[in-house]
Amino acid sequence: MVKQLKLNALEEHLHDGMSILVGGFMCVGTPELIIDEIVKSNVKDLTIYCNDSGFEEQGVGKLIKNNQVKKLVASHIGLNPYAGKLMSSQEMDVELIPQGTLAERIRAGGSGLGGILTQTGINTIVEKNKQIINVNNQSYILETPIRADLAIIYGNKIDQYGNTMYRATTRNFNPVMAMAADKVIAQARHMVQQLDPECVHTPHIFVDYVIKEEDSD
Amino acid sequence: MVKQLKLNALEEHLHDGMSILVGGFMCVGTPELIIDEIVKSNVKDLTIYCNDSGFEEQGVGKLIKNNQVKKLVASHIGLNPYAGKLMSSQEMDVELIPQGTLAERIRAGGSGLGGILTQTGINTIVEKNKQIINVNNQSYILETPIRADLAIIYGNKIDQYGNTMYRATTRNFNPVMAMAADKVIAQARHMVQQLDPECVHTPHIFVDYVIKEEDSD
Amino acid sequence: MTRQEKKEFIAKRVAREFTDGDVVNLGIGLPTLVANYIPEDITIYLQSENGLIGLGPKPDETTLDKDITNAGGQPVTLKTGGMYFDSATSFAIIRGGHVDKTVLGSLQVDETGSLANWIIPGKLVPGMGGAMDLVMGAKEVIIAMTHMNRGKTKILKRCTLPLTAKNQVNKIITEMGVFEIKDQKLYLLEYNKDFTIEEIKAATEADLIIHNPKEMVVY
Amino acid sequence: MTRQEKKEFIAKRVAREFTDGDVVNLGIGLPTLVANYIPEDITIYLQSENGLIGLGPKPDETTLDKDITNAGGQPVTLKTGGMYFDSATSFAIIRGGHVDKTVLGSLQVDETGSLANWIIPGKLVPGMGGAMDLVMGAKEVIIAMTHMNRGKTKILKRCTLPLTAKNQVNKIITEMGVFEIKDQKLYLLEYNKDFTIEEIKAATEADLIIHNPKEMVVY
């Protein structure tokens with residue numbers, strides 16, 4: 001049985017300086033309730049890994065607006081002008097990573113790989129300060145794994161064991177992030193008895209805590 | 001709409017010296033009808049990638065017994081004494097690869113990665129003739145991608161577009177192999193109208209041809 | 001042509017690049033318009049890097065489902081036969097060469113096939129998103145853009161902005177013509193008869209190889 | 001003890017190594033027996049590297065489903081709450097440190113925690129299967145094996161056979177005792193009172209550090 005967590009008990013799992021993987025793609029599939037609670041906790045100096053910087057009032061944008069983010073690692077920050085402003089003024093450290101490389105680095109972190117070789121970013125500033133490896137006369141960038149202290153993910157249906165299914169394009173980064181953190185907390189849109197074992201997107205062994213959005217079956 | 005192929009038309013897609021990825025784990029999830037047809041075709045000098053060597057009268061074992069296999073790349077050949085005999089007598093070239101490395105190398109081949117770094121096999125004979133890469137003071141073996149001319153896979157339910165679902169542990173290597181070949185031919189236990197878009201294991205874009213095992217809906 | 005007319009014209013011409021069965025990824029902006037002009041006698045499969053294949057038209061009020069979005073975060077629909085997957089799978093599809101064609105906008109393209117579309121030094125940097133993976137991974141890279149930006153050509157001898165990728169562009173389609181890049185040389189395949197060849201050359205910094213170009217046909 | 005009695009004894013003792021919620025992978029042979037002796041007051045999740053979590057007991061005629069097998073290819077069942085996945089995901093789970101404990105047999109183990117269980121030079125080589133990934137990836141590696149093989153010890157100063165992995169074994173459980181490897185030293189944690197400490201030492205080539213060992217308790 002997966003452990004249920006009350007929103008107001010989330011704070012125990014947060015601390016200054018921690019790193020957090022945040023699911024979602026332009027806030028589609030982002031666990032907003034959990035983010036609201038992190039805003040309330042006011043923990044500082046966070047390193048956030050997310051596809052993007054959300055919007056000013058939505059997704060990880062709320063953490064950025066509350067000046068809780070020391071470093072943001074993302075593929076895109078174009079829809080959050082405040083994030084761009086903090087990047088320009090160097091008040092927030094922003095590392096931009098190609099989206100596929102970001103997904104694959106997180107997957108490597110969750111899969112025990114020491115890294116992966118990709119041609120994405122070769123001959124661009126993305127290769128700066130990275131090892132270039134030659135395989136069959138082709139040059140590849142060695143991209144290293146990403147892991148974090150915590151992953152917060154958004155499941156559409158989570159069963160009593162913690163097995164998780166996402167819905168439509170809310171899936172995005174959630175499954176890889178669920179594998180790459182020391183602790184995983186999921187926001188559940190619906191709790192159900194049991195999911196079809198052929199259709200589980202994230203096996204229960206990855207999900208440590210579930211926060212119910214509403215009661216349902 | 002995915003193209004339907006008659007078993008007796010399979011031969012057009014086969015040629016001497018080709019490489020074939022064969023799904024299945026100890027013949028669970030192996031497309032036996034397709035293998036039978038390859039035996040009939042009598043094409044020679046095949047390079048076969050499969051988790052194991054099957055049994056003497058089952059799975060890729062049938063190709064081995066018919067002396068069609070020049071090279072076998074697998075993680076285990078223990079249940080097929082004839083394969084062991086051909087390996088010992090050097091009549092068949094056998095490359096043994098750790099199972100997780102085999103899966104990941106095929107995934108890399110299908111995913112456009114130049115390779116992956118793993119600690120599996122480090123300080124063993126598996127690392128022989130391979131690049132060792134240092135990341136964060138840890139040594140990793142650089143394992144290179146695997147691709148083949150053809151992949152033959154076994155789907156439980158395949159819809160009219162070619163979307164595929166496997167059943168239970170017949171899934172195993174089938175999904176990664178479907179991504180790593182120039183051509184993919186699937187044996188379908190059942191053909192159906194349409195699968196749930198949340199539960200597709202192999203998207204239709206990977207499946208070039210389907211051979212129906214039986215008519216069903 | 002107004003700027004909007006140019007965009008529609010370019011989108012219509014790009015739509016004729018596809019063949020039946022193609023898996024296609026359309027970038028944000030002008031490339032998104034291309035979906036409106038796909039010939040009715042072919043079926044193509046639109047991939048969206050946030051996690052679907054089978055991108056359908058914009059929903060109306062009755063079909064709106066906020067869980068189904070495109071890579072711009074906008075609501076879309078899923079066509080019958082489409083399916084969802086996660087970001088790692090999505091970029092395995094892209095990087096693995098399983099996308100036949102990608103259509104992207106650009107700030108600059110050069111005659112070696114390099115492109116720059118993600119950074120203007122001194123301005124806010126939005127990030128590359130999935131563009132770098134798409135141009136490295138897709139079998140064919142088509143740049144769809146207006147030929148000039150504020151009177152300045154965007155087709156150069158060498159890009160001056162930081163690159164998105166080197167030597168990856170196969171075709172450029174603008175309101176002036178269709179250009180192909182082969183072995184780091186730029187060829188004019190088709191020209192828009194509203195412009196003279198001299199006008200097209202003048203609007204193109206790159207060396208342009210002109211050898212029997214056809215008239216650009218747009219339906 | 002007969003060979004079979006030894007195996008049952010070892011399996012029973014290994015089963016007491018688990019804590020509630022553990023994700024466990026059991027190798028083929030002796031380790032498979034461990035599943036029969038899991039204490040009833042804990043729930044563990046058995047992973048099978050061919051693609052499932054929630055391995056249940058062997059099926060009978062009424063529950064047999066040939067599509068559900070373990071890593072030995074034998075029919076098994078899936079417990080409620082279990083699920084299936086592909087081989088790449090399975091080894092992502094294993095390599096990624098998501099398996100708490102793996103139990104494997106071995107031909108040789110040494111005091112540095114290295115093990116050799118896949119090759120005997122001159123004999124047919126069956127292949128390593130998933131063993132190398134399991135010993136590198138699992139958080140804890142437990143070797144379950146009979147102490148001797150035809151009168152020869154299997155716990156050595158240094159393995160002589162080709163290694164499966166270097167410095168990865170945490171515990172060894174035999175019919176003689178429970179051994180722990182820490183900082184490349186071998187400790188006797190528990191002994192089977194059917195043997196004297198001298199007998200255990202004599203049966204072990206490796207240097208054995210003995211400091212207040214407990215009696216081995218098996219239910």
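Reminder, nothing fancy here: chain letters follow the sequence lines and each chain counts from 1.
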Participant: Should the heavy atoms of other residues, nucleotides or ligands under 6.0 Å from CD of B:Glu11 be counted, would the total exceed 12?
Facilitator: no
Participant: Determine whether B:His204 and C:Ile53 make a side-chain contact, defined as any pair of heavy atoms from C-beta on separated by less than 4.5 Å.
Facilitator: yes
Participant: Which heavy-atom pair separates B:Met179 from C:His98 by the least distance, and what is that distance?
Facilitator: O-CE1, 3.0 Å
Participant: Closest approach of B:Ser111 and C:Ala92, non-hydrogen atoms and distance?
Facilitator: OG-CB, 3.2 Å
Participant: Side chain, backbone, both or neither: which part of C:Thr43 has an atom under 4.5 Å from a heavy atom of chain B?
Facilitator: neither
Participant: Verify the neighbour count for atom NZ of B:Lys130: are there more than 12 heavy atoms of other residues, nucleotides or ligands below 6.0 Å?
Facilitator: yes
Participant: Which bit of C:Leu78 comes within less than 4.5 Å of chain B, counting heavy atoms only: side chain, backbone, both or neither?
Facilitator: side chain
Participant: Should we count NZ of B:Lys40 as having more than 12 external heavy atoms under 6.0 Å?
Facilitator: no
Participant: Are the side chains of C:Met83 and B:Glu198 in contact, using a 4.5 Å heavy-atom criterion?
Facilitator: no
Participant: Indicate yes or no: at least one non-hydrogen side-chain atom of C:Tyr84 is less than 4.5 angstrom from one of B:Val200.
Facilitator: no
Participant: With a 4.5 angstrom heavy-atom cut-off, could you sort out which part of B:Leu195 is near chain C: side chain, backbone, both or neither?
Facilitator: neither
Participant: Please indicate whether B:Asn136 has more than 12 foreign heavy atoms, meaning atoms of other residues, nucleotides or ligands, lying under 6.0 Å from its CG.
Facilitator: no
Participant: If you tally heavy-atom pairs under 4.5 Å against chain B, which of C:Thr89, C:Leu52, C:Ile93 wins?
Facilitator: C:Ile93
Participant: Are there more than 12 heavy atoms of other residues, nucleotides or ligands under 6.0 Å from atom NZ of B:Lys183?
Facilitator: yes
Participant: So for B:Asp159, is it side chain, backbone, both, or neither that comes closer than 4.5 Å to the heavy atoms of chain C?
Facilitator: neither
Participant: Is it true that, when you exclude C:Asp20 itself, more than 12 heavy atoms of the residues, nucleotides or ligands shown sit nearer than 6.0 Å to its CG?
Facilitator: yes
Participant: Considering all heavy atoms of both residues, which atom of B:Pro203 and which atom of C:Phe85 are nearest to each other, and what is their separation?
Facilitator: CG-CD2, 4.4 Å
Participant: For B:Lys62, does the NZ atom have more than 12 heavy-atom neighbours from other residues, nucleotides or ligands under 6.0 Å away?
Facilitator: yes
